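Please read the structure below before turning to the comments.
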Amino acid sequence: MPKSRIRKKADYTPPAAKQTTALKLTSRAWVAPVMLALFLIGLAWIVVFYVTDGKLPVDALGNWNIVVGFGFIAAGFGVSTQWK
């Protein structure tokens, strides 16, 4: 029976190194202070409304002052989506 030829394998060559690209993330340092400020303004608006029996933040708005306070808080949550 004839012998089969031995195939010579090529030496292992590692794949070329990938160039790493530096990702520059934009600075979002303003997000946390603005978010906390909106939360605190909204909370303070609602607390002042209840403590003064509806007279202080804006007397003409009446119970809509609660909506304004929660609007500030909702805006704070909206800003928080920009935090990385």
Side-chain angles (χ1 to χ4, degrees):
M1 171 103 60
K3 286 188 174 182
S4 63
R5 293 186 311 188
I6 298 174
R7 290 184 281 167
K8 188 168 187 170
K9 291 185 177 181
D11 293 334
Y12 173 74
T13 56
K18 294 182 178 180
Q19 294 287 342
T20 57
T21 57
L23 294 175
K24 184 179 179 190
L25 298 175
T26 58
S27 177
R28 303 275 176 128
W30 58 272
V31 173
V34 170
M35 175 185 65
L36 291 175
L38 287 171
F39 286 155
L40 291 176
I41 289 170
L43 179 65
W45 193 287
I46 294 171
V47 168
V48 167
F49 174 72
Y50 276 117
V51 169
T52 62
D53 292 328
K55 294 186 179 11
L56 246 187
V58 179
D59 192 22
L61 289 178
N63 286 336
W64 283 97
N65 281 305
I66 298 170
V67 175
V68 172
F70 278 113
F72 277 114
I73 294 171
F77 278 114
V79 170
S80 70
T81 61
Q82 301 298 315
W83 198 359
K84 289 188 178 186

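Values below: every heavy atom of this structure, side chains too, minus hydrogens, waters and symmetry copies. Note that the coordinates shown come from a computational prediction; the quantities given were computed from them, not determined experimentally.
Rounded to the nearest 0.5 angstrom, Met35 CE and Leu40 CG are separated by 10.0 Å. Summarising the geometry, atom CZ belonging to Phe77 is positioned 4.0 Å from atom CZ belonging to Phe39; distances are rounded to the nearest 0.5 Å. One distance of note links OH of Tyr50 with CG of Leu56; it measures 15.5 Å at 0.5 Å rounding. Here the CG-CG distance, from Leu38 to Leu43, works out to 12.5 Å after rounding to the nearest 0.5 Å.
Side chain of Trp83 to main chain of Ala32: no donor-acceptor pair is present (N/O by atom type, distance under 3.5 Å, no hydrogens or angles). Distance alone, capped at 3.5 Å, is enough to place a donor-acceptor pair between the Asn65 side chain and the Val58 backbone.
Follow the hydrophobic side-chain contacts under 4.5 Å out from Ile66 and you never reach Val47; the two are in separate clusters. Linking Ile, Leu, Val, Met, Phe, Trp and Tyr whenever their side-chain heavy atoms come within less than 4.5 Å leaves Val48 and Ile73 in two separate clusters. In terms of hydrophobic clustering, with Ile, Leu, Val, Met, Phe, Trp and Tyr side chains grouped at heavy-atom distances under 4.5 Å, Val79 and Phe70 are assigned to a common cluster. By the criterion of side-chain heavy atoms lying less than 4.5 angstrom apart, applied directly or through intervening Ile, Leu, Val, Met, Phe, Trp or Tyr residues, Trp30 is grouped together with Phe72 in one hydrophobic cluster. Hydrophobic clustering (ILVMFWY, side-chain heavy atoms < 4.5 Å, transitive): Leu61 and Phe49 are in one cluster.
Side-chain contact between Pro57 and Ile46 is absent, with no heavy-atom pair separated by less than 4.5 Å.
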